[in-house]
Amino acid sequence: SVLVGTAPSVNFSAVGGSTMPMGELKTRTNNSYNMGWNVTVPFGVDFGPVGLRFDAAMDNLTGKPNFVDSFGTPVAAKNVAIYSGSGGLKLNIPIFRTASRIYAIGGASAHRVTGYATSLVGSVSAQTLKDAKTVMGWYGGGGINFRFGRTALFVESRYINVQAKQPVGFAYDKINYIPVILGIQF
(Lines give C-alpha, C1' and ligand atoms only; values in the text may rest on other atoms or scores of the structure.)
Protein backbone atom coordinates (compact mmCIF):
# COMPACT_ATOMS: atom_id res chain seq x y z
CA SER A 1 0.00 0.00 0.00
CA VAL A 2 1.19 3.55 -0.73
CA LEU A 3 0.18 4.66 2.77
CA VAL A 4 2.21 2.11 4.75
CA GLY A 5 5.08 3.77 6.60
CA THR A 6 4.22 7.26 5.34
CA ALA A 7 3.78 9.96 7.98
CA PRO A 8 0.94 12.35 7.12
CA SER A 9 1.97 15.88 6.20
CA VAL A 10 -0.48 18.67 7.14
CA ASN A 11 -0.28 21.87 5.07
CA PHE A 12 -1.82 25.35 4.98
CA SER A 13 -1.38 28.01 2.28
CA ALA A 14 -1.81 31.72 1.53
CA VAL A 15 -2.95 32.22 -2.06
CA GLY A 16 -4.14 34.86 -4.55
CA GLY A 17 -4.53 35.22 -8.28
CA SER A 18 -6.87 35.87 -11.17
CA THR A 19 -10.17 34.29 -12.22
CA MET A 20 -11.19 33.89 -15.85
CA PRO A 21 -14.85 33.39 -16.84
CA MET A 22 -15.47 30.68 -19.42
CA GLY A 23 -18.26 29.91 -21.91
CA GLU A 24 -21.42 32.03 -21.79
CA LEU A 25 -20.28 33.75 -18.60
CA LYS A 26 -17.67 35.47 -20.81
CA THR A 27 -19.22 35.51 -24.29
CA ARG A 28 -22.95 36.20 -23.86
CA THR A 29 -24.10 39.29 -25.79
CA ASN A 30 -25.61 40.90 -22.67
CA ASN A 31 -24.75 40.63 -18.97
CA SER A 32 -21.35 38.94 -19.22
CA TYR A 33 -18.10 39.21 -17.28
CA ASN A 34 -14.38 39.93 -17.68
CA MET A 35 -11.47 38.47 -15.75
CA GLY A 36 -11.37 39.23 -12.05
CA TRP A 37 -9.43 38.21 -8.96
CA ASN A 38 -9.28 35.33 -6.48
CA VAL A 39 -8.36 34.74 -2.85
CA THR A 40 -8.12 31.12 -1.67
CA VAL A 41 -7.21 29.47 1.63
CA PRO A 42 -6.20 25.85 0.89
CA PHE A 43 -5.43 23.34 3.62
CA GLY A 44 -4.96 19.62 3.56
CA VAL A 45 -3.08 16.51 4.52
CA ASP A 46 -0.83 14.42 2.29
CA PHE A 47 -0.22 10.71 2.82
CA GLY A 48 2.72 10.25 0.45
CA PRO A 49 1.47 10.46 -3.13
CA VAL A 50 -2.22 10.76 -2.14
CA GLY A 51 -3.76 13.58 -0.15
CA LEU A 52 -6.95 15.32 0.91
CA ARG A 53 -7.41 18.96 -0.08
CA PHE A 54 -9.94 21.54 1.18
CA ASP A 55 -10.37 25.16 0.08
CA ALA A 56 -12.30 28.26 1.10
CA ALA A 57 -12.31 30.81 -1.75
CA MET A 58 -13.75 34.03 -3.10
CA ASP A 59 -13.70 34.74 -6.85
CA ASN A 60 -14.72 38.18 -8.11
CA LEU A 61 -15.60 38.67 -11.80
CA THR A 62 -15.83 42.17 -13.31
CA GLY A 63 -19.09 43.02 -15.10
CA LYS A 64 -18.67 44.03 -18.76
CA PRO A 65 -20.28 47.27 -19.97
CA ASN A 66 -22.96 45.24 -21.83
CA PHE A 67 -25.49 44.97 -18.98
CA VAL A 68 -29.16 45.60 -19.74
CA ASP A 69 -32.27 45.36 -17.59
CA SER A 70 -35.41 43.32 -18.40
CA PHE A 71 -36.57 46.07 -20.82
CA GLY A 72 -33.25 46.14 -22.76
CA THR A 73 -32.14 49.45 -21.22
CA PRO A 74 -28.37 49.70 -20.51
CA VAL A 75 -27.53 49.66 -16.79
CA ALA A 76 -24.35 49.88 -14.76
CA ALA A 77 -22.48 46.58 -14.76
CA LYS A 78 -22.29 44.72 -11.47
CA ASN A 79 -19.39 42.55 -10.43
CA VAL A 80 -20.29 39.08 -9.27
CA ALA A 81 -18.61 37.42 -6.28
CA ILE A 82 -18.58 33.64 -5.90
CA TYR A 83 -17.90 32.32 -2.40
CA SER A 84 -17.05 28.62 -2.24
CA GLY A 85 -15.92 25.74 -0.11
CA SER A 86 -14.51 22.61 -1.71
CA GLY A 87 -12.98 19.28 -0.87
CA GLY A 88 -11.38 16.51 -2.84
CA LEU A 89 -8.38 14.36 -3.59
CA LYS A 90 -4.83 15.33 -4.51
CA LEU A 91 -2.33 13.15 -6.35
CA ASN A 92 1.33 14.19 -5.88
CA ILE A 93 3.93 13.23 -8.49
CA PRO A 94 7.58 13.87 -7.52
CA ILE A 95 9.83 15.81 -9.90
CA PHE A 96 12.89 13.56 -10.28
CA ARG A 97 14.60 13.15 -6.89
CA THR A 98 13.59 16.51 -5.42
CA ALA A 99 10.99 17.42 -2.79
CA SER A 100 9.18 19.50 -5.47
CA ARG A 101 6.27 17.93 -7.34
CA ILE A 102 3.47 18.33 -9.83
CA TYR A 103 -0.01 17.43 -8.65
CA ALA A 104 -3.56 16.83 -9.83
CA ILE A 105 -6.64 17.80 -7.79
CA GLY A 106 -10.35 17.15 -8.17
CA GLY A 107 -13.50 17.09 -6.08
CA ALA A 108 -16.85 18.63 -5.19
CA SER A 109 -17.72 22.17 -4.13
CA ALA A 110 -20.50 24.34 -2.69
CA HIS A 111 -20.93 27.95 -3.93
CA ARG A 112 -22.87 31.12 -3.17
CA VAL A 113 -23.09 33.57 -6.08
CA THR A 114 -23.56 37.21 -4.99
CA GLY A 115 -23.51 40.76 -6.34
CA TYR A 116 -25.88 40.45 -9.30
CA ALA A 117 -29.05 42.58 -9.55
CA THR A 118 -32.22 41.02 -8.10
CA SER A 119 -34.75 43.53 -9.46
CA LEU A 120 -35.31 45.97 -12.32
CA VAL A 121 -33.63 48.65 -10.23
CA GLY A 122 -30.25 46.94 -10.58
CA SER A 123 -28.21 49.77 -9.11
CA VAL A 124 -29.90 49.51 -5.71
CA SER A 125 -30.51 45.78 -5.35
CA ALA A 126 -27.72 43.24 -5.27
CA GLN A 127 -27.82 39.63 -4.07
CA THR A 128 -26.17 39.29 -0.66
CA LEU A 129 -24.15 36.40 0.73
CA LYS A 130 -26.79 35.84 3.42
CA ASP A 131 -29.67 35.55 0.91
CA ALA A 132 -27.87 33.68 -1.88
CA LYS A 133 -28.84 30.09 -2.61
CA THR A 134 -26.10 27.47 -2.04
CA VAL A 135 -25.42 25.56 -5.27
CA MET A 136 -23.18 22.58 -5.98
CA GLY A 137 -20.33 22.12 -8.41
CA TRP A 138 -17.20 20.14 -9.24
CA TYR A 139 -13.61 20.96 -10.13
CA GLY A 140 -10.47 19.45 -11.61
CA GLY A 141 -7.02 20.85 -12.18
CA GLY A 142 -3.38 20.73 -11.27
CA GLY A 143 -0.31 22.58 -10.25
CA ILE A 144 3.39 22.51 -9.54
CA ASN A 145 5.14 23.30 -6.29
CA PHE A 146 8.77 24.09 -5.61
CA ARG A 147 9.72 23.02 -2.12
CA PHE A 148 12.33 24.81 0.01
CA GLY A 149 12.54 22.94 3.33
CA ARG A 150 9.06 22.87 4.88
CA THR A 151 7.86 25.78 2.71
CA ALA A 152 6.81 25.62 -0.94
CA LEU A 153 5.99 28.15 -3.65
CA PHE A 154 3.28 26.89 -6.02
CA VAL A 155 1.18 27.83 -9.04
CA GLU A 156 -2.13 26.10 -9.71
CA SER A 157 -5.15 26.23 -11.98
CA ARG A 158 -8.44 24.41 -12.03
CA TYR A 159 -11.61 24.27 -14.11
CA ILE A 160 -14.72 24.90 -11.97
CA ASN A 161 -18.27 23.98 -13.08
CA VAL A 162 -21.20 25.25 -10.98
CA GLN A 163 -24.92 24.51 -11.29
CA ALA A 164 -25.71 28.17 -10.58
CA LYS A 165 -29.52 28.37 -10.97
CA GLN A 166 -30.74 31.14 -8.64
CA PRO A 167 -34.35 31.94 -7.67
CA VAL A 168 -34.23 35.44 -9.19
CA GLY A 169 -31.96 37.77 -11.15
CA PHE A 170 -28.92 35.70 -12.16
CA ALA A 171 -28.93 35.05 -15.92
CA TYR A 172 -27.11 31.70 -15.86
CA ASP A 173 -28.15 28.15 -14.95
CA LYS A 174 -24.54 26.93 -15.14
CA ILE A 175 -21.26 28.82 -14.87
CA ASN A 176 -17.67 27.82 -15.58
CA TYR A 177 -14.53 29.65 -14.56
CA ILE A 178 -10.80 29.08 -14.12
CA PRO A 179 -8.82 30.56 -11.24
CA VAL A 180 -5.05 30.74 -11.73
CA ILE A 181 -3.37 31.15 -8.35
CA LEU A 182 0.09 31.65 -6.89
CA GLY A 183 0.74 30.77 -3.28
CA ILE A 184 3.02 29.84 -0.42
CA GLN A 185 2.48 26.54 1.38
CA PHE A 186 3.52 26.10 5.00
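Since the structure is predicted, the reported quantities are computational estimates derived from the model, not experimental observations. Hydrogens, waters and symmetry mates are skipped; everything else that's a heavy atom, side chains included, is used.
- A salt bridge between Lys90 and Glu156 is absent, with no side-chain N of the basic residue lying under 4.0 Å from a carboxylate O of the acidic one.
- Put simply, the side chain of Pro42 reaches to within 4.5 Å of the side chain of Arg53, judged on heavy atoms.
- Put simply, the side chain of Asp46 reaches to within 4.5 Å of the side chain of Asn92, judged on heavy atoms.
- By the 4.5 Å heavy-atom criterion applied to side chains, Phe54 and Ser86 are not counted as neighbours.
- Taking the side chain as every heavy atom from C-beta outward, Trp37 and Thr62 never approach each other to under 4.5 Å.
- No cation-pi contact links Arg112 to Tyr83, judged by a cut-off of 6.0 Å to the six-membered ring centre and 45° from its axis.
- For the pair Tyr177/Val162, a side-chain contact is recorded, criterion being any heavy-atom separation below 4.5 Å from C-beta on.
- Of the N and O atoms on the side chains of Tyr103 and Asn145, not one donor lies less than 3.5 Å from an acceptor on the other residue.
- Side-chain contact check for Met136 versus His111: every heavy-atom pair is 4.5 Å or farther apart.
- Residues Asn66 and Ser32 meet the side-chain proximity criterion, which asks for heavy atoms closer than 4.5 Å.
- The shortest side-chain heavy-atom distance between Thr40 and Asn38 falls under the 4.5 Å cut-off.
- Atom CE of Met58 sits in a crowded spot, with more than 12 heavy atoms from other residues, nucleotides or ligands closer than 6.0 Å.
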